[in-house]
Protein chains: 2
Amino acid sequence: MATDHLPVSGDFLNQRLAEKGLRFTSQRQHVYEVLLSQRDHPSADEVFMRAKQSKPEISMATVYNSLDALVKCGVVRQVNVDRGASMYCSNMNEHAHFCCDDCGKVFDVNLKDSPRVPEVDVSGKFEVRQIDIALHGRCTGTCEDCGRREAHA
Amino acid sequence: MATDHLPVSGDFLNQRLAEKGLRFTSQRQHVYEVLLSQRDHPSADEVFMRAKQSKPEISMATVYNSLDALVKCGVVRQVNVDRGASMYCSNMNEHAHFCCDDCGKVFDVNLKDSPRVPEVDVSGKFEVRQIDIALHGRCTGTCEDCGRREAHA
DNA sequence: TTTCTATTTAGAATTATTCCAAGTATTGAC
DNA sequence: GTCAATACTTGGAATAATTCTAAATAGAAA
Ligand SMILES: [Mn+2]
Ligand SMILES: [Mn+2]
Ligand SMILES: [Zn+2]
Ligand SMILES: [Zn+2]
């Protein structure tokens, strides 16, 4: 479904960064590839740990900087579901996020066909650039990792 | 539009808390009234500062506890729009949140008529309890407080 | 090359949230 | 009502998450 990534990210990212006046750097590319290669929803700290595996000299500050740059140029989404750390999502297809209030995991969920996005009344006072839809609840059935935060009822 | 509140919150809140097995306390009532009396979207810290004005002995830990209790029993919504502190909203009418990426302020925006919520495909794997819709962009026109984070273009 | 600016880095600093242990209040059983 | 059990509150310490800073480096422009 998603176009396969690792080789394509260079040129693509380069162009997207340039459009926003941001420079293409090896750190930003690396952070992007970390996000593409494992499409769960890691926090900045998790991205940092993964990034260090093949680029041990990268710093936490640079991970934050890179994540901000990737979000700003529109190749990554920042996901805020609770009081914990922000998470990052490299799936730019239109989708919503389901957050299990028991285990804390975040899953992509597809929006059903039209209307894909809610019609909102912003009556000229706001210029909307992005819509984030977060669903809260609990995973049903067999969620193996569930119960981290507290066991399901 | 919203039923006027300060006198009504006691019994109402008492019942909602009881439904979840939570106790009614003066602190929780007070935090709730703080949220009802100024319907912007304060952070826990802002709630703490407001709450202290008429109840100086209240603690930060209790504010967090109370906010959690109010959210859990469904009389307050927790709003997470970015990496900053969570915000709290006592407007339980169906609405979405617009967050200005320049000034950081959060505004209630109404969803247009049906379908009010997006149809999502959760195919039996998730039990959805709540849907949070956050719009990002920038306020247009005359937003006096805008430019705190950085000036509009 | 020289200059200018953006980016990276380590670590300090700050902010946000949670944890803890002791005291207090509330509930339910008797 | 008394008593025990449990929930809640409190201040402060601890932790987690994010931002800041100042110096070094790298990239782009002149
Ligand atoms: Mn996602
Ligand atoms: Mn609101
Ligand atoms: Zn779960
Ligand atoms: Zn604004």
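Convention: sequence-line order gives letters A, B, ...; per-chain numbering from 1.
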**Q.** Spacing between B/Asp82 atom CG and C/dT15 atom P, to the nearest angstrom
**A.** 15 Å

Q | Whole angstrom value for the distance that separates P of C/dA16 from OH of B/Tyr88 | A | 12 Å

Q. So how far is it from B/Leu35 CG to B/His30 NE2, rounded to the nearest 0.5 Å?
A. 10.0 Å

Q: Could you please name the option among C/dT7, D/dT18, C/dT17 that lies closest to any side-chain atom of A/Ala85?
A: D/dT18

Q) Does B/Gln27 make a side-chain N or O approach to OP1 or OP2 of D/dT10 shorter than 4.0 Å? A) yes

Q | DNA chain D contacts among residues 58-65 of chain A, heavy-atom distance under 4.0 Å | A | A/Ala61, A/Tyr64

Q: Measure the distance from CG on B/Asn80 to P on D/dT18 and round it to the nearest whole Å.
A: 12 Å

**Q.** Nearest-Å distance for atom pair NZ/P, residues B/Lys72 and D/dA7
**A.** 12 Å

Q | Check: B/Asp108/B/His41 side-chain N/O donor and acceptor closer than 3.5 Å | A | yes

Q.
Taking B/Ala134's backbone N and O only, do any of them form a donor-acceptor pair with A/Asp132's side chain (distance below 3.5 Å, no angle check)?
A. no

Q) CZ of A/Phe24 versus C1' of C/dT8: gap in Å, rounded? A) 15 Å

Q: Please report, rounded to the nearest Å, how far the P atom of C/dT15 is from the CE atom of B/Met49.
A: 12 Å

Q) Between atom NZ in B/Lys20 and atom P in D/dA7, what is the gap in whole Å? A) 17 Å

Q: Would you mind telling me which residue lines up with the more 5' stretch of DNA chain D, B/Ser66 or B/Arg83, judged by nearest nucleotide?
A: B/Ser66

Q) Quick one: is A/Thr25 getting a side-chain N or O under 4.0 Å of the C/dT8 phosphate, OP1 or OP2? A) yes

Q. With no hydrogens and no angle check, is any side-chain donor or acceptor of B/Arg138 less than 3.5 Å from a backbone partner on B/Asp102?
A. no

Q) What does A/Ser43 touch in the nucleic acid at a heavy-atom separation under 4.0 angstrom: a base, only the sugar-phosphate, or nothing? A) nothing

(Q) Considering every strand and a 4.0 Å limit on heavy-atom distances, what is the contact class for A/Arg23: base, sugar-phosphate, or nothing? (A) base

Q) Rounding to a whole Å, what distance do you find between B/Gln78:CD and C/dT18:C1'? A) 14 Å

Q. Linking I/L/V/M/F/W/Y whenever their side-chain heavy atoms sit closer than 4.5 Å, directly or via other members, would B/Met87 and B/Leu67 fall into one cluster?
A. no

(Q) Less than 3.5 Å apart, any donor N or O on the side chain of A/Gln78 or A/Ser86 sitting next to an acceptor on the other? (A) yes

Q.
Could you check whether B/Asn91 and B/Arg77, counting side-chain N and O atoms only, form a donor-acceptor pair closer than 3.5 Å?
A. no

